[in-house]
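For reference, the structure discussed in these notes is given below.
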Amino acid sequence: MWKWLHPYAKPEEAYRLAGLWLPWFVVFSVVSFAVGLAWGLAFAPADYQQGDAFRIIYIHVPSAIMSMGAYSSMAVAAFIGLVWQIKTADMAVAAIAPVGAVFTFIALFTGAAWGKPMWGTWWVWDARLTSELILLFLYLGVIALYNAISDKVLAGRAAGILALVGVINLPIIHYSVEWWNTLHQGATITKFAKPSISNDMLWPLLIMIFAFICFLGALTLMRLRNELIRRESHRPWVLTMAEEQDEI
């Protein structure tokens, strides 16, 4: 089942594959952002209760979803790195963590900006908000731990373990609005049978979620390629590539 992954355990193959995928992620991200933002900000109707203030949903919701999606991806990479001892997976953890942290910060910031006119306050120790803040601290912990240890093999293992431990927070974030009494609204688009949002507002939101997915992929691939070069700078394949670039 996993045999197709084996060639990409080699850093040079992972670098090449990331280079092949990167332009596609960039193109889809740019196009989706252009369409989603234009549709959501200019053409979607105003909400009957929140007015135009609801339009922050087109940044807040995708960034919140990607904050958890990035962490899930990081945890999968950490699991692969710990079980199969694949160092490129450890590098993927290091590549994803700062991107996920930024998405989490954006989700918290836009949530606070949305909460002020809706709830009358920038912040409450709501179950959803608090668990999302803990997610940011987990990201920062993974980043700090990876960079604090000079031995990057050991650093990758330590950061991977922390990433896996933090997975317990993801279902808490997702189900917090159902498990506890919370100010945060419940599910909107995950109720596929009958979403709590009109189609005129839903479609640009779905496009923006796709844009954020592609953006996450593009940033992760960029950082992974940089991490591969940095960690493998003494290897022949990197030296050969550098010589070819100099000749160009």
Side-chain angles (χ1 to χ4, degrees), residues 1-2 5 8-9 14 18 25 60-111 125-149 151-180 182 184-192 209-210 212-221 223-224 227:
M1 174 181 175
W2 298 98
L5 277 175
Y8 303 111
F25 277 101
H60 174 69
V61 170
S63 61
I65 292 174
M66 285 303 100
S67 70
M68 293 187 288
Y71 199 95
S72 299
S73 301
M74 187 175 70
V76 171
F79 180 80
I80 292 172
L82 288 170
V83 173
W84 285 284
Q85 304 291 301
I86 298 176
K87 64 180 180 180
T88 51
D90 294 334
M91 296 182 205
V93 172
I96 296 170
V99 182
V102 171
F103 280 137
T104 306
F105 176 79
I106 293 172
L108 289 168
F109 180 81
T110 54
W125 290 102
D126 178 270
R128 173 63 64 82
L129 275 65
T130 303
S131 54
E132 186 75 8
L133 180 62
I134 292 171
L135 183 65
L136 177 60
F137 291 151
L138 285 168
Y139 274 122
L140 296 178
V142 170
I143 295 168
L145 190 58
Y146 185 81
N147 289 286
I149 303 174
D151 184 346
K152 289 308 175 186
V153 175
L154 180 60
R157 300 292 182 267
I161 291 172
L162 178 58
L164 289 173
V165 171
V167 169
I168 189 64
N169 191 48
L170 297 183
I172 294 175
I173 296 173
H174 183 71
Y175 292 107
S176 57
V177 294
E178 299 178 16
W179 291 347
W180 294 286
T182 171
H184 199 284
Q185 69 184 61
T188 299
I189 63 174
T190 54
K191 297 186 295 183
F192 295 108
I209 292 172
F210 179 73
F212 269 76
I213 292 172
C214 295
F215 192 44
L216 170 62
L219 292 178
T220 299
L221 291 175
R223 287 188 49 79
L224 178 59
E227 185 70 14

Flag side-chain contact, heavy atom, 4.5 Å: [X] against [Y]:
X      : Y      : value
Phe105 : Leu140 : no
Leu170 : Leu135 : yes
Val99  : Leu216 : yes

Which heavy-atom pair separates [X] from [Y] by the least distance, and what is that distance?
X      : Y      : result
Ile143 : Ala101 : CD1-CB, 4.2 Å
Leu224 : Thr88  : CD1-O, 4.2 Å
Leu82  : Gly160 : CD1-C, 4.0 Å
Gly141 : Leu162 : C-CD2, 3.5 Å
Ser131 : Ile172 : CB-CG2, 4.0 Å
Ala158 : Ile149 : CB-CD1, 4.0 Å

Side-chain donor or acceptor of [X] paired with backbone N/O of [Y] under 3.5 Å:
X      : Y      : answer
Arg128 : His174 : yes
Tyr146 : Met91  : no
Thr130 : Ala127 : no
Ser176 : Ile173 : yes
Arg157 : Asp90  : no

What is the distance from atom [atom1] of [X] to atom [atom2] of [Y], rounded to the nearest 0.5 Å?
X      : Y      : atom1 : atom2 : value
Ile96  : Tyr71  : CD1   : OH    : 11.5 Å
Leu219 : Cys214 : CG    : SG    : 11.0 Å
Met68  : Ser73  : CE    : OG    : 12.0 Å
Leu136 : Leu108 : CG    : CG    : 6.0 Å
Gln85  : Ile80  : CD    : CD1   : 12.5 Å
Asn169 : Leu133 : CG    : CG    : 10.0 Å

### Task
Using the side chain to side chain contact (heavy atoms under 4.5 Å, CB included) rule, pick out the option among Ile134, Val102, Thr104 that qualifies with Tyr139.
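Only one of Ile134, Val102, Thr104 forms a side chain to side chain contact (heavy atoms under 4.5 Å, CB included) with Tyr139, namely Thr104.
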### Task
Name the orientation class of the two ring planes belonging to Phe103 and Phe212 (parallel below 30°, tilted from 30 to 60°, perpendicular beyond 60°).
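Geometry flag for Phe212 against Phe103: tilted rings.
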